[in-house]
There are 2 protein chains.
Amino acid sequence: MVAKRTTLADVARAAGLSPTSASQILNGKPNTRFSDDTRKRVREAASTLNYRPNVGARALRTDRSLTIGFVSDVVATTRFASGLIRGAVEAAQEVGHVVLVVESGGDPAREGEAVAAVLDRQVDGIVFATMQARKIKAPVVPEGTRVVLLNAISAETSRAVLPDEEAGGRSAVDLLAQAGHRDGIALIGRNVLSEKFPTRSATIARRMQGITSRLDEFGISLAAEKASDEWEPDDGYRLTKELLAESGDIRALICMNDRLSFGAYRACLERGLTVGRDISIVSFDDDEIASYLRPSLSTIALPYQAMGRRAISLLLGDETEPGEYLVPMPAIERESILDLRTNSGWV
Amino acid sequence: MVAKRTTLADVARAAGLSPTSASQILNGKPNTRFSDDTRKRVREAASTLNYRPNVGARALRTDRSLTIGFVSDVVATTRFASGLIRGAVEAAQEVGHVVLVVESGGDPAREGEAVAAVLDRQVDGIVFATMQARKIKAPVVPEGTRVVLLNAISAETSRAVLPDEEAGGRSAVDLLAQAGHRDGIALIGRNVLSEKFPTRSATIARRMQGITSRLDEFGISLAAEKASDEWEPDDGYRLTKELLAESGDIRALICMNDRLSFGAYRACLERGLTVGRDISIVSFDDDEIASYLRPSLSTIALPYQAMGRRAISLLLGDETEPGEYLVPMPAIERESILDLRTNSGWV
DNA sequence: CAACGATGCTAAATGCTTTTATCACCGTCT
DNA sequence: AGACGGTGATAAAAGCATTTAGCATCGTTG
């Protein structure tokens, strides 16, 4: 025989009261008058019986389910962007909420289905996340539904959480400049397509913008630039290899992401160049591999977890201003940058 | 003015019927008698009004919420094991369910809270996942709650989904044997602690067992063995470096995971050994880095996604036999193994 | 023609909680 | 004595869907 869950009625009975009273007391309803003794009795009954309200029943009445829908396109559960979910789950739990995770596979039909599925469960709000920060058509939801875009932007007015890529781009340059780099700086992975089309990436253009404007401020001009629309390790290898063959005195590389850097390490090595001593590398993302490489890779992190948290605080908080909410990209200083002034590089 | 959701009553009204009838028709209740015309009218009304049942209200009556609780210890949302969630979410959605993701941080108190939180939402069952396949004290849940352990085992009788590590261990050896390796095989990362204590790892001993028994069957004895309780890249580097310095003719490495392999690559390189030509490496996990390495790493994959799927099919299906449900570990053949018979290695 | 069995449908209860409106009682004031 | 205000509580409805038990109506059968 399965023990049934304690209900509010059980508590009321145990305390010799009506469910109404029990409800009002447990919820701390203002403007009610109960004797201290009564209040105490109810609370004690609730605690001994281990009462927990049925969230579904409550939601039926109050329209608040303490539940948030997290709907992502392809792969927010992918290792790349799983920090988004992680941050959201953590932040939600801290304020007594719970997260319903749904994936649409990027397919608009399934997206509609996903949205409906969470709405059916009376969620208090929906976070729409994409893995590649992209411009999306915000899914249609009933008027009045709270929505936050995570790692995505849309044409419709709404709130969107994004990494502060422009500042991140500037930070990357700062890391190099701080270490005394002024000449012989090359850029690996300039991405013309993505810079043009926000449906591919909402952020790459800004990263680029941050880099170039900061370089300008320092009066630095790039010694070389290698373009690529793909950013896999092999691309980094190929581009860096070409670069080192063509250009004379390259002292530092700005790689557009860590996977490119991974390939760049190999190309440098083959050429007899030790990263962190003969050549500096700064990069973006703080991917898993960044800490595995030797020397470990200095990189501007994509703050996925913080972004996930921010999306929740935005969804549940009272900042209702539509627009972009930027999350800083921390500079992770490791060992891949040679300090030209002290000349203390990697050993 | 916010448009209210369509309710069953709305549908009934539109079809000129009672909610009772509408419910029975839409749910295809057997042993009811309605005219074809009536059925049609209800279905049409439901579809034009875009009716979707309120899952909470329904759960109140039926105790089925089409929702599954996924509670994990520290980090099932971590990139390492995020495949577990991904598989679960996918499989759940395919059968019309949705997944509630909660984390306990490994703290027993928070674990209780996490379980309660999903129970409050009347989930149809709970998946308990851990990142490191470990032996755990299965959390207490009310009798009658369906539970599946994912990547974990416990003393209590219940169902547990695990990777088939023993077969995986055998596969690793097979990959080497197939390529003609018989001598000069070394093992990197033997883990004495974890083999002894299932609270640290439920699976490492089995992986080891698979490796040794298969080696035995081939009559192969290990040329060397390096132990370590940590399996990070630096450990792989250090162990391999030592190994190569000490032992004479090492032709193949079995690394206990891909991060060790990563370090091993570096050690080989430094020693002037080209992986896939001068020395073979086989490994475990199929981590992100396995495909980035050059030559790419042949490895026995941890089938996280398939395991997540399996947990759901177990939770919702009717295999109620307690015990372990093993998921095969696919051998991912890449380029890190030299075929001694054709001598066609990596170029 | 009365009884009966199909046929087609519905009222009301149920699940659990919150909310609104109201009630009984007591003491005090005029 | 009657009105009044305060105190401490509750009945009933509402929120949405499902389930149980039963009600009309109609054609058939003996």
Side-chain angles (χ1 to χ4, degrees), chain A residues 2-43 45-46 49-67 116 119-124 142, chain B residues 2-43 45-46 49-67 119-124:
Chain A
V2 196
K4 249 190 65 267
R5 237 180 115 88
T6 302
T7 80
L8 185 62
D10 298 331
V11 174
R13 202 172 310 118
L17 283 173
S18 70
T20 303
S21 306
S23 170
Q24 293 178 339
I25 289 172
L26 292 176
N27 291 316
K29 223 186 171 231
N31 306 323
T32 60
R33 301 174 293 246
F34 293 99
S35 67
D36 285 352
D37 174 64
T38 301
R39 288 179 200 278
K40 187 150 158 277
R41 266 186 4 255
V42 169
R43 284 193 225 287
L49 293 177
N50 226 317
Y51 170 69
R52 304 202 35 127
N54 178 317
V55 175
R58 170 182 281 172
L60 212 47
R61 195 74 242 267
T62 62
D63 251 316
R64 304 209 53 229
S65 60
L66 301 179
T67 305
L119 252 19
D120 291 348
R121 287 158 181 87
Q122 296 190 259
V123 292
D124 294 340
Chain B
V2 197
K4 248 189 64 275
R5 236 180 115 89
T6 303
T7 81
L8 186 61
D10 297 332
V11 174
R13 203 172 309 117
L17 283 172
S18 70
T20 304
S21 306
S23 170
Q24 293 178 337
I25 289 172
L26 292 177
N27 291 316
K29 220 182 172 236
N31 307 324
T32 60
R33 302 174 294 248
F34 293 99
S35 68
D36 285 352
D37 174 63
T38 302
R39 290 181 199 277
K40 187 150 158 278
R41 263 182 12 251
V42 169
R43 285 194 223 288
L49 293 177
N50 227 317
Y51 169 69
R52 304 204 34 131
N54 178 318
V55 174
R58 169 183 282 171
L60 213 47
R61 195 76 241 273
T62 62
D63 252 316
R64 306 210 51 230
S65 61
L66 301 180
T67 305
L119 252 20
D120 291 347
R121 286 159 181 87
Q122 296 188 256
V123 292
D124 294 341

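Chain letters run A, B, ... following the sequence lines, proteins first and then strands; every chain starts at 1. All figures in this text were calculated on a predicted structure; none of them were measured in a lab.
Between Ser21(B) and dC9(C) there is no side-chain polar atom (N or O) within less than 4.0 angstrom of OP1 or OP2. Phosphate proximity of dT17(C) to Asn27(A): absent, as no side-chain N or O sits under 4.0 Å from OP1 or OP2. Between Thr20(A) and the phosphate of dT10(D), there is no side-chain N or O to OP1/OP2 separation shorter than 4.0 Å. Regarding contacts with the backbone of dA17(D), a side-chain N or O of Thr7(B) is found under 4.0 angstrom from either OP1 or OP2. Note on Tyr51(B): every side-chain N or O is 4.0 Å or more away from OP1 and OP2 of dC16(D). Here Arg58(B) reaches the OP1 or OP2 of dT18(D): one of its side-chain N or O atoms lies under 4.0 Å away.
Here Thr38(A) lies in heavy-atom contact (under 4.0 Å) with sugar-phosphate atoms only. Here Ser35(B) lies in heavy-atom contact (under 4.0 Å) with sugar-phosphate atoms only. As judged by a 4.0 angstrom heavy-atom cut-off over every strand, Asp63(B) is placed among residues making no nucleic acid contact. Among the heavy atoms of the strands lying under 4.0 Å from Thr62(A) are primed sugar atoms or P, OP1, OP2 only; no base atom is included.
Checking dC16(D), dT17(C), dC9(C) against the side-chain heavy atoms of Leu8(A) singles out dT17(C) as nearest. Comparing atom distances between the Ser18(B) side chain and each of dG15(D), dA11(C), dT19(C) picks out dA11(C) as nearest.
Rounded to an integer number of Å, the gap from Asp120(B) CG to dG15(C) P is 19 Å. Nucleotide dC9(C) holds its P atom 10 Å from the CG atom of Asp36(B), rounded to whole Å. As a whole-Å value, the separation of Asn54(B) CG from dG15(C) C1' is 13 Å. Rounded to a whole Å, the CZ atom of Arg52(B) is 15 Å from the C1' atom of dA17(D). A straight line from CD of Gln24(B) to P of dT19(D) spans 9 Å, rounded to a whole angstrom. Protein atom CG of Asn31(B) is 14 Å distant from nucleotide atom P of dA21(D), rounded to whole Å. Atom pair Arg5(B):CZ and dC16(D):C1' shows a separation of 10 Å (rounding to whole Å applied). If you measure from atom CZ of Arg33(A) to atom C1' of dT10(D), you get 13 Å, rounded to the nearest angstrom.
A donor-acceptor pair is defined here as one N or O able to donate and one able to accept, closer than 3.5 Å; such a pair exists between the side chain of Thr62(A) and the backbone of Arg58(A).
At a threshold of 4.5 Å between non-hydrogen side-chain atoms, the residues Gln122(B) and Leu60(B) count as touching. Counting heavy atoms from C-beta on, the side chains of Asp120(B) and Arg5(A) come closer than 4.5 Å.
For a distance-only test at 3.5 Å, the side chain of Arg61(A) qualifies as a donor-acceptor partner of the base of dT18(C).
Considering Lys40(B), Arg39(B), Arg41(B) in turn, Arg41(B) is the only one that fulfils the salt bridge (charged side-chain N to carboxylate O under 4.0 Å, His left out) rule with Asp37(B). For the side-chain contact (heavy atoms from CB on, under 4.5 Å) with Ile25(A), the lone residue among Val11(A), Thr20(A), Val42(A) that qualifies is Val42(A).
Side-chain atoms of Thr67(A) and Arg121(A) include no donor-acceptor pair closer than 3.5 Å.
Nearer to the 5' terminus of DNA chain D, by closest-nucleotide assignment, is the contact made by Ala57(A) (compared with the other of Lys29(B) and Ala57(A)).
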